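I have placed the structure first, in the form of structure tokens, so that the comments after it can refer back to it.
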2 protein chains.
Amino acid sequence: MPTSKVRTYSLISHEAVHLISNLIKVARKERQYTAQEVAERAGISRGLLQRIEKGDLKCSIGAVFEVAAIVGVKLFDAEATTLMKHILHIEEKLALLPKSVHKRTKVVDDDF
Amino acid sequence: MPTSKVRTYSLISHEAVHLISNLIKVARKERQYTAQEVAERAGISRGLLQRIEKGDLKCSIGAVFEVAAIVGVKLFDAEATTLMKHILHIEEKLALLPKSVHKRTKVVDDDF
DNA sequence: CACTTATGATCCATACATAGATCATAAAAT
DNA sequence: ATTTTATGATCTATGTATGGATCATAAGTG
């Protein structure tokens, strides 16, 4: 066997994705959508939707967000999260920051 | 050319991912982290980090969330979002819902 | 009850995301 | 100024995520 790569993720990532997946699953059932329906509307396969609803970390973020939007889960809408409020100035903030990060190569020459 | 598949995404998905990517980029620079550093810590390539910071929808959600955690972007932490509050009962909620969604196959037989 | 449909799981083939390298430019340091 | 380092872009090879099918079971329907 050609030794497949096993990526490891932090707990917080697992939890976050698990959370989203549960939100999606609940929302879909509340709205009485069939897995097949949602998959078609999202332009993905039913199999992928299954993995998304299971919290598979390897699914593309686009697919996950697309499904979330379809079943009505507001992840980053202004009403749903405070995140959006901080965002408004993010582009400007980015412009002000230095373009690249340079590390000190020499140790600080503390003379004492 | 073997006609590559072009997936289409809704505006909201684009915006959400774009938002996250900007948050990540700003956070990384504020903390003076090199792209190389962050990539290594996340266990991904610098190239992938570039795509993440660009808002590429095809990156895996695990990689994106991992990087976000490393640079200190709180996407779904209790303090950062109201989402977490709704979540607490999500598992119970899921348990109460019907296990599968069945569609009406016959049209409602409205007799008039 | 019988019947239908949804879901979950598994397998395979292939399109594609990713790692890794290289190069050019830009920005910071000295 | 020179030198060093970070970033952005591009290319290739390969591991793998995804689509599509199938099957078994569960869960509604009538």
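Quick caveat: nothing in here was measured; it's all calculated off a predicted structure. Chain A is the first sequence line, chain B the second, and so forth, proteins listed ahead of strands; every chain is numbered from 1.
- Contacts of A/S21 classified as side chain to side chain donor-acceptor pair (under 3.5 Å), with partners at least two apart in sequence or in another chain: none.
- Under the side-chain contact (heavy atoms from CB on, under 4.5 Å) criterion, B/V67 pairs with B/I24, B/V38, B/A42, B/I44, B/L49, B/I52, not counting sequence neighbours.
- Both A/L48 and B/Y9 are part of a single hydrophobic cluster, where members link through side-chain heavy atoms under 4.5 Å apart.
- Contacts of B/S10 classified as side chain to side chain donor-acceptor pair (under 3.5 Å), with partners at least two apart in sequence or in another chain: A/E66, B/S13.
- Screening residues 36-51 of chain B for salt bridge (charged side-chain N to carboxylate O under 4.0 Å, His left out), with sequence neighbours left out, gives A/K103-B/E37, B/R51-B/D56.
- In terms of position along DNA chain C, the nucleotide closest to B/C59 lies nearer the 5' end than the nucleotide closest to the other residue of the pair A/K99 and B/C59.
- Remark on DNA chain D: of its neighbouring residues B/S100 and B/R7, the 5'-side contact belongs to B/R7, judged by nearest-heavy-atom nucleotide.
- With D/dT18, C/dA28, C/dA6 as the candidates, the nucleotide lying closest to the side chain of B/V101 is C/dA6.
- As rounded to whole Å, 11 Å separates atom C1' of D/dT3 from atom NE2 of A/H102.
- Contacts of B/R31 classified as side-chain contact (heavy atoms from CB on, under 4.5 Å), with partners at least two apart in sequence or in another chain: B/Y33.
- Sorted by first then second residue, the ring-ring contact (aromatic ring centres under 6.0 Å, His included) pairs that include residues 54-74 of chain A, not counting sequence neighbours, are A/F65-A/F76.
- Within the structure, no pair that satisfies the ring-ring contact (aromatic ring centres under 6.0 Å, His included) test touches residues 34-55 of chain A, not counting sequence neighbours.
- With rounding to whole Å, B/K58 atom NZ is found 15 Å from C/dA15 atom P.
- Recorded end-axis angle for the helix from C/dC1-D/dG30 to C/dT30-D/dA1 stands at 60°, based on five pairs per end and rounded to 10 degrees.
- Of the residues in residues 25-56 of chain B, those with a non-hydrogen atom less than 4.0 angstrom from any atom of DNA chain D are B/K25, B/R28, B/T34, B/A35, B/R46, B/Q50, B/K54.
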